[in-house]
J.: 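This is the structure I have questions about; it appears just below.
Residue numbers run from 1 in the order of the sequence given.
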Amino acid sequence: MILSAGVFINLTLRSLERNLPTTLLGQLEYLNRVTDGLSHLTTTAAVIAHSPEPAALSRMVKDVDGVFAELVQMRNTYVFDNLVQASAFHSAVAPSLVDVRQWLTQGVSGQSPDSPLTLHIVHSRLHNTLMKASSLRNESHAAAQAVLHDQRSSLEKFISGVNLLLLLTALISLLVLALMFRQQSLARRESRAQAERELLITILESTSDLVCTVGPDGQLTFLNQAGRRLLGMDAEEPLGGRTIADLHPAWAMEKIRMKGLPAAASPAGLWEGENAVLHRDGREIPVSQVILCHGRSDNFIGHYSIIMRDITEYKRSEAALLHSKLQAEFANQAKSEFLANMSHEIRTPINGVMGMLQLLQAGTLDAEQTSYTTTAIQSCKRLVRLLSDILDLSRIEAKKLSIQLAPMSVSNVFCQTRDLFLPIAHKAEVELCFDTDPTLPAKVLGDAARLQQVLFNLVGNALKFTPSGNVTVAAHALSPLKPGHGRVLFSVCDTGIGIPDENLGTLFEPFSQVDSGYTRSHQGAGLGLSICKRLVHLMGGSISVVSEAGVGTSIYFTLDFEVESGLERFTLAKDAVPTISLGGRKILLAEDDPVSAMAARAVLQKQGATVSHVQDGQAAIEALTRDTFDLVLMDVQMPVMDGVEATKAIRAGRCGEGSRNIPIVALTAYAMAGDKDIFLDAGMNGYVEKPVTIKDLLLAISNVLEH
């Protein structure tokens with residue numbers, strides 16, 4: 001309706017305008033066009049005055065010509081009517097346009113057209129002319145439209161009323177729409193917030209962890225049902241001004257104040273740790289705790305959320321696990337001590353037996369007696385080997401056995417193994433063959449002792465289970481897996497009795513044997529293959545077996561060795577029997593076992609030494625204080641004072657400066673991992689483990705006396 005009224009008023013005004021004389025309207029139109037042209041020229045002059053450019057000046061000259069042409073056309077078209085003052089308008093505008101054009105093309109008072117002074121004068125003249133023209137045009141319009149004044153006044157009042165009504169209606173409509181939109185938005189927001197609150201509460205109530213929120217003043221604002229159960233509270237019990245301090249014992253609250261809250265208030269916004277809450281009956285319950293801080297700002301710390309989980313069972317399990325660990329460590333320590341003691345107690349009498357047997361061998365014996373002593377010595381060595389296997393297995397299981405890398409020759413290891421087993425193979429009438437690949441490196445970095453131990457067990461087993469036929473030991477080069485290394489495939493193949501398929505799965509298990517029970521046809525404790533597998537794995541290799549009952553067995557294992565530069569500077573040790581004369585040497589023997597002492601004294605005296613025997617470390621110190629000696633053979637475990645303590649006392653100078661640096665060789669049945677290092681660190685110069693062979697004893701004495 002308002003739009004229709006506006007259209008009607010516009011049509012009415014247009015009808016009134018059409019009633020004016022055509023000449024008057026034309027003159028008014030010309031006045032408007034010229035005035036608008038002057039306005040444009042004035043604006044253009046102001047713009048050019050700030051940034052004069054030749055192109056802009058040229059365009060402005062054209063614009064001046066255009067306005068002047070309009071003015072000339074108006075003069076030529078109409079006879080001026082005094083009503084619109086066209087003559088006065090022409091007289092005021094025409095001279096100004098002429099002057100402006102001249103200034104824009106020639107300048108003012110010797111100034112260039114684009115000089116600031118010229119442009120300022122042009123702008124000022126155009127502005128003044130525009131003012132006059134606008135005034136004359138306005139007067140002409142006022143005079144021409146006086147006739148329409150009354151009618152337009154009525155229409156304008158009507159239009160103003162309609163416009164005001166329309167504006168008010170529009171404002172009211174917009175206000176109503178805005179209020180409706182805001183109300184709907186608030187309702188939706190409140191609905192979503194309520195749904196989120198209900199969902200959050202449902203989640204918090206369904207969790208088994210204690211969840212609570214705390215305000216900046218420490219007051220509890222929420223506590224879920226799991227938390228109430230943990231604290232011994234009733235399900236509907238009001239919080240009643242409870243604070244966070246009411247949930248914790250004093251020491252736990254102090255931990256929160258000192259650690260939890262500062263960490264949560266930091267940029268990380270989080271603290272995690274173990275703490276405790278206080279049950280209603282006074283019990284302290286261990287919990288894992290997470291503290292979150294919300295609404296942090298520079299000067300305000302907002303609400304905290306605290307999540308706690310009961311870890312009572314975890315703590316019990318942890319304590320039980322720790323107790324089990326301590327028990328296992330104690331049991332392992334007890335086992336190690338037992339094995340060490342058993343090793344010592346077994347090696348000591350074996351040492352006496354082997355010593356006496358070696359002394360007998362060194363004498364004049366017939367063939368039968370030589371056979372008896374050789375068999376007895378081999379039995380002793382077998383017993384020592386069994387003891388060493390048990391100790392090695394124990395060290396491997398305790399992860400105390402390490403691989404000692406040093407330059408070695410695979411061919412040398414094969415030669416030593418062959419020399420050990422050739423007599424046994426000849427006696428059993430079994431052919432023993434060793435085959436080495438000629439492309440194998442001459443020297444590699446490995447543990448020769450452990451490699452020989454593996455071969456010793458495998459070849460020993462092969463000979464033991466091969467009543468006839470042959471045993472072949474071979475080493476073949478494989479392609480390396482990385483530069484500077486070489487892989488070697490070792491194999492021990494026999495034509496023996498073989499292994500049934502059902503026994504292959506347990507072949508490498510400790511104490512496992514193919515033939516068990518009272519009708520066993522082969523001796524052994526069942527440790528050899530188990531130790532072989534563990535040693536091969538320790539050296540970074542793998543082992544496998546192929547066997548067929550009644551046909552034979554083949555065991556393969558691969559090892560990876562370093563073969564790059566640097567190994568050339570090492571020389572391989574020679575296993576030579578020392579030739580030493582102890583004539584004129586005075587040796588002090590500290591040994592509490594009479595048989596071992598008797599054997600050692602006899603061996604040394606046969607080499608020309610003068611031997612003094614004492615039975616404990618204190619007696620050794622006293623003997624060194626009274627007399628001088630060239631060498632001390634020191635047992636470790638002795639009454640009154642052990643060998644380690646006695647050695648430390650000697651090195652400390654308790655026997656005098658003359659004996660402080662006397663060579664000391666440990667002569668002991670302690671052969672566990674690390675024992676040798678302990679004795680050498682105490683100040684001993686050499687180490688020989690029992691049972692002692694004459695070769696090992698003389699080699700150790702030769703080494704310490706030479707150095």
Side-chain angles (χ1 to χ4, degrees), residues 340 344-345 347-349 351-352 355-356 358-359 578 580-672 674-707:
H344 182 275
E345 294 304 320
R347 286 174 182 272
T348 298
N351 181 65
M356 292 303 177
Q358 290 177 92
L359 287 173
I580 181 174
S581 174
L582 299 179
R585 298 283 190 175
K586 293 179 64 177
I587 298 177
L588 177 62
L589 174 63
E591 172 63 72
D592 64 322
D593 181 62
V595 178
S596 297
M598 183 188 305
R601 170 179 280 183
V603 169
L604 296 172
Q605 287 176 343
K606 283 182 176 292
Q607 299 296 322
T610 301
V611 182
S612 297
H613 172 234
V614 294
Q615 295 186 342
D616 59 70
Q618 181 62 42
I621 292 175
E622 294 171 358
L624 286 171
T625 304
R626 293 191 307 267
D627 200 355
T628 59
F629 295 90
D630 298 303
L631 174 72
V632 178
L633 294 179
M634 184 78 73
D635 188 17
V636 173
Q637 182 174 315
M638 295 184 293
V640 183
M641 180 184 291
D642 61 58
V644 174
E645 187 179 353
T647 299
K648 291 179 179 179
I650 294 170
R651 298 305 184 214
R654 284 182 53 184
C655 304
E657 290 300 319
S659 300
R660 182 192 289 268
N661 297 318
I662 187 172
I664 302 175
V665 176
L667 198 65
T668 177
Y670 284 103
M672 295 290 284
D675 287 343
K676 180 178 180 179
D677 294 334
I678 293 174
F679 305 145
L680 296 180
D681 290 343
M684 296 182 180
N685 305 97
Y687 170 88
V688 181
E689 69 178 44
K690 297 177 180 178
V692 179
T693 64
I694 295 176
K695 182 184 74 173
D696 292 340
L697 178 60
L698 296 181
L699 181 61
I701 293 174
S702 174
N703 287 337
V704 298
L705 289 179
E706 286 178 1
H707 294 85

J.: Nearest 0.5 Å, what's the CD-CG distance between E622 and D627?
T.: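 Result: 13.5 Å between the selected atoms.
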J.: Do N703 side-chain atoms and L699 backbone N/O form a donor-acceptor pair below 3.5 Å?
T.: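 A pair under 3.5 Å: yes.
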J.: Around atom NZ of K606, are there more than 12 heavy atoms from other residues, nucleotides or ligands closer than 6.0 Å?
T.: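 At most 12 heavy atoms, drawn from other residues, nucleotides or ligands, come within 6.0 Å of this atom.
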J.: Does CZ in R585 sit with more than 12 non-hydrogen atoms of other residues, nucleotides or ligands closer than 6.0 Å?
T.: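 Incorrect, the count does not exceed 12.
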J.: Which distance, rounded to the nearest 0.5 Å, do you find between the OG1 of T628 and the CG of L588?
T.: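 Nearest 0.5 Å value for the OG1-CG distance: 11.0 Å.
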J.: Under the side chain to side chain donor-acceptor pair (under 3.5 Å) test, which residues partner D593, sequence neighbours left out?
T.: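 D593 satisfies side chain to side chain donor-acceptor pair (under 3.5 Å) with S596 only.
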J.: Using the side chain to side chain donor-acceptor pair (under 3.5 Å) rule, collect all pairs that involve residues 639-649, keeping only residues at least two apart or in two chains.
T.: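 Applying side chain to side chain donor-acceptor pair (under 3.5 Å) to every pair that reaches into residues 639-649, excluding sequence neighbours, yields nothing.
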J.: Kindly compute the distance separating OG1 (T668) from CE (M638), expressed to the nearest 0.5 Å.
T.: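 Here the interatomic distance stands at 9.5 Å.
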J.: Any donor-acceptor pair under 3.5 Å linking the side chain of N685 with the backbone of I664?
T.: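 Present.
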J.: Within this structure, what is the OG1-CD distance for the pair T610 and Q605, rounded to the nearest 0.5 Å?
T.: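 It is 8.0 Å, given to the nearest 0.5 Å.
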J.: Can you tell which of D696, V688, L604, D630 makes a side chain to side chain contact (heavy atoms under 4.5 Å, CB included) with I701?
T.: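 It is L604, the one option of D696, V688, L604, D630 that forms the side chain to side chain contact (heavy atoms under 4.5 Å, CB included) with I701.
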J.: Taking all non-hydrogen atoms of both residues into account, name the closest pair between M684 and G643 and its distance.
T.: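 Nearest heavy atoms, M684 then G643: CE-O, 3.7 Å.
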J.: Of all heavy-atom pairs between V640 and Q618, which one has the smallest distance, and what is that distance?
T.: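 It is CG1-CB, 3.7 Å.
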J.: Return the set of residues passing side chain to side chain donor-acceptor pair (under 3.5 Å) with R601 (not counting sequence neighbours), or none when no residue passes.
T.: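 Checked R601 against side chain to side chain donor-acceptor pair (under 3.5 Å); zero matches.
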J.: Identify the heavy atoms of I621 and I650 that sit nearest to each other, and give their distance.
T.: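 Nearest pair, atom of I621 first, then I650: CG1-CG1, 4.5 Å.
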J.: If you take all heavy atoms of V614 and A619, which pair is closest and at what distance?
T.: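 Reported closest heavy-atom pair: CB-CB, 3.7 Å.
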J.: Heavy atoms only: give me the nearest V665-A700 pair and the separation to one decimal.
T.: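 The answer is CG1-CB, 4.3 Å.
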J.: If I compare all heavy atoms of I587 with all of A609, which pair ends up nearest, and what's the gap?
T.: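 Minimum heavy-atom separation between I587 and A609: CD1-CB, 3.8 Å.
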J.: Without swapping roles, check the side chain of S659 against the backbone of I662 for a donor-acceptor pair under 3.5 Å.
T.: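 No; zero donor-acceptor contacts below 3.5 Å.
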J.: Among L697, V636, V632, which residue meets the side chain to side chain contact (heavy atoms under 4.5 Å, CB included) test with L667?
T.: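 Testing each of L697, V636, V632 against L667, the sole residue satisfying side chain to side chain contact (heavy atoms under 4.5 Å, CB included) is L697.
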